[in-house]
Amino acid sequence: MWPDIRAAIERTGWGNPVHLWQPRDACLWVYVLGVAYGLWALFGQINAAIRASPCPATVRCSVSTRRCSVRLSRWPGARV
């Protein structure tokens, strides 16, 4: 290579190690906020899916005997 091109490449820092953890860098915090928002949205979707699914348990309580019984039924579409 020509000497001026090598000098230009050395000045740019090409090949130097890159560290993700740089607390003074704004890009790190934008990345952290993006990941946090993505996790928040993911757990929101999972929570909504869990709440929308039918519960397979039937709970019956008797006030006179003060006992409750739980009967588990099969999930809809579950294979036996």
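Given the structure is predicted, the values throughout are model-derived calculations rather than measurements.
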Contacts of Asn16 that satisfy side chain to side chain donor-acceptor pair (under 3.5 Å) - sequence neighbours left out:
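In terms of side chain to side chain donor-acceptor pair (under 3.5 Å), with neighbours along the sequence ignored, Asn16 is linked to no residue.
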By side-chain contact (heavy atoms from CB on, under 4.5 Å), Arg24 pairs with (sequence neighbours left out) none
Point to revise | Residues which pass side-chain contact (heavy atoms from CB on, under 4.5 Å) with Gln22, listed by chain and number, not counting sequence neighbours | key: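 Per chain and number, Gln22 pairs via side-chain contact (heavy atoms from CB on, under 4.5 Å) with His19, Asp25.
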Counting only pairs under 3.5 Å, give me each side-chain donor-acceptor contact of residues 30-45, with atom names and distances, residues two or more places apart or in other chains.
none

